[in-house]
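In what follows, a single structure is set out as structure tokens and then discussed.
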Amino acid sequence: MQVLTLDTNAFDRHAKQLSLMVTEGGVMKFDAVVAIRRGGSFVCDAFCRHFPKDRYGARYDVKLQRPSTKHKKGTVNKLLKCLPTIILNLMRMAESNLLSLKRIVNGPHPAPKVELPDGLVSILQNANTPYILVIDDAIDSGDTLFAIVSALKGINPDTETRIAVMTETTKRPCIHADYSLYRNKTLIRFPWSNDYKSH
């Protein structure tokens, strides 16, 4: 397991590399691009700067979070900025291992409720076989992306989805990405991460 820190320039290069993978991935055009907020929205913004505009229709954002993500606010954020990078890396690896262990012990989380934007629902209802590209920053357990894909197929079972992420951090998530820059348990510290330090 490793932790990779991306500054804004490195992040943009990674987004460009991901867009090239999808461009060469065989689907001629997507009816919609769906970004999973919050991290997936940043990835999608950068991705779409490099992805050919004629290769996708509309773009939509869907909000879902792991429960553990909601607690990293306020004083904790300030503390994280003060810690040495080596400690932050160890904390990230420990958190990742703990989440994997909890999944083994407790099983998958209950499926979160997914509310899809009306425009996306309309696309799904009006296309015979809609092609949807789902973008997120990372796959950990895969629960979030599985819920999104299930919601899309719940509206139109013939929906074809492709998933693009920067990294898969676990060996056996419940859903895999079609396009991923890393599949070797690489944890990425993004410019918007709580423990990112610009200096």
Side-chain angles (χ1 to χ4, degrees), residues 1-27 30 33-51 55-56 62 64-66 68-69 85 88-109 111-112 131-150 152-153 159-196:
M1 182 176 291
Q2 65 171 336
V3 180
L4 176 66
T5 299
L6 300 180
D7 62 16
T8 53
N9 290 330
F11 168 66
D12 190 66
R13 288 194 301 271
H14 277 66
K16 182 177 182 179
Q17 187 179 351
L18 187 63
S19 76
L20 289 172
M21 287 179 72
V22 178
T23 301
E24 297 165 0
V27 177
F30 293 97
V33 174
V34 175
I36 311 304
R37 285 174 29 193
R38 163 173 177 256
S41 295
F42 294 127
V43 174
C44 191
D45 291 342
F47 175 94
C48 288
R49 285 197 295 271
H50 300 288
F51 195 64
R55 294 283 300 273
Y56 67 97
V62 175
L64 280 177
Q65 282 185 320
R66 294 191 313 262
S68 61
T69 305
T85 301
L88 294 173
N89 290 350
L90 291 171
M91 289 173 64
R92 272 185 171 257
M93 289 186 274
E95 179 187 33
S96 178
N97 288 329
L98 181 61
L99 289 172
S100 294
L101 182 61
K102 283 174 70 175
R103 183 175 176 82
I104 291 169
V105 172
N106 300 330
H109 288 110
Y131 281 83
I132 309 296
L133 176 63
V134 183
I135 296 179
D136 205 355
D137 53 356
I139 292 180
D140 299 315
S141 68
D143 291 341
T144 296
L145 280 163
F146 184 80
I148 296 291
V149 170
S150 297
L152 296 171
K153 290 182 178 286
T159 299
E160 290 282 344
T161 60
R162 298 292 184 273
I163 298 171
V165 299
M166 292 282 188
T167 184
E168 285 191 17
T169 67
T170 56
K171 288 183 179 178
R172 290 183 288 276
C174 65
I175 193 168
H176 286 281
D178 299 283
Y179 316 101
S180 180
L181 299 180
Y182 299 96
R183 294 184 190 269
N184 57 354
K185 297 185 75 174
T186 296
L187 306 174
I188 299 181
R189 180 178 293 111
F190 294 100
W192 61 86
S193 298
N194 293 323
D195 61 349
Y196 178 81

Between the side chain of [X] and the main-chain N/O of [Y], is any donor-acceptor distance below 3.5 Å?
X: Arg183; Y: Ala177; result: yes
X: Thr169; Y: Thr186; result: no
X: Ser19; Y: Lys16; result: yes
X: Ser141; Y: Asp143; result: yes
X: Lys153; Y: Thr159; result: yes
X: Asp178; Y: Ile163; result: yes

Practice item. Please state whether the rings of Phe190 and Phe11 are parallel, tilted or perpendicular, taking 30° and 60° as the class boundaries. Key: perpendicular

Distance in Å, [X] [atom1] paired with [Y] [atom2], rounded so as to fall on 0.5 Å steps:
X: Ile188; Y: Tyr196; atom1: CD1; atom2: OH; answer: 13.0 Å
X: His176; Y: Ile139; atom1: NE2; atom2: CD1; answer: 8.0 Å
X: Arg13; Y: Thr8; atom1: CZ; atom2: OG1; answer: 9.5 Å
X: Met1; Y: Leu90; atom1: CE; atom2: CG; answer: 11.5 Å
X: Met93; Y: Leu98; atom1: CE; atom2: CG; answer: 14.5 Å
X: Thr167; Y: Leu181; atom1: OG1; atom2: CG; answer: 8.0 Å

Indicate yes or no: at least one non-hydrogen side-chain atom of [X] is less than 4.5 angstrom from one of [Y].
X: Phe47; Y: Leu133; answer: yes
X: Val62; Y: Ile148; answer: yes
X: Tyr56; Y: Cys48; answer: yes
X: Val27; Y: Glu160; answer: no
X: Val33; Y: Ile135; answer: yes
X: Asp140; Y: Ser96; answer: no
X: Arg162; Y: Phe30; answer: yes
X: Arg189; Y: Arg92; answer: yes

Check your understanding: Could you walk me through whether Tyr182 and Leu4 pass the side-chain contact (heavy atoms from CB on, under 4.5 Å) check?
Key -> CA-CA 11 Å; Tyr182 299 96; Leu4 176 66; 3.3 Å; yes

**Study point:** side-chain contact (heavy atoms from CB on, under 4.5 Å) evaluation trace for Leu145 with Val134
**Key:** CA-CA 8 Å; Leu145 280 163; Val134 183; 3.5 Å; yes

Point to revise | Worked check of side-chain contact (heavy atoms from CB on, under 4.5 Å) between Val43 and Met166 | key: CA-CA 8 Å; Val43 174; Met166 292 282 188; 4.1 Å; yes

Practice item. Verify side-chain hydrogen bond (donor to acceptor under 3.5 Å, both in side chains) between Glu168 and Ser180, making sure each step is shown before the conclusion. Key: CA-CA 7 Å; Glu168 285 191 17; Ser180 180; 5.0 Å; no

Review point. Does Arg38 come within less than 4.0 Å of Asp137, counting only side-chain N to carboxylate O?
Key: no

Contact summary for [X] and [Y], nearest pair of heavy atoms:
X: Arg55; Y: Val22; value: NH2-O, 4.0 Å
X: Ala10; Y: Asp7; value: N-OD1, 2.8 Å
X: Ala35; Y: Gly40; value: CB-O, 3.7 Å

Point to revise | Tyr179, OH atom: more than 12 neighbouring heavy atoms under 6.0 Å | key: yes

Exercise for review: Kindly indicate, with the supporting measurements, whether the criterion side-chain contact (heavy atoms from CB on, under 4.5 Å) is fulfilled by Leu6 and His14.
Suggested key: CA-CA 9 Å; Leu6 300 180; His14 277 66; 3.5 Å; yes

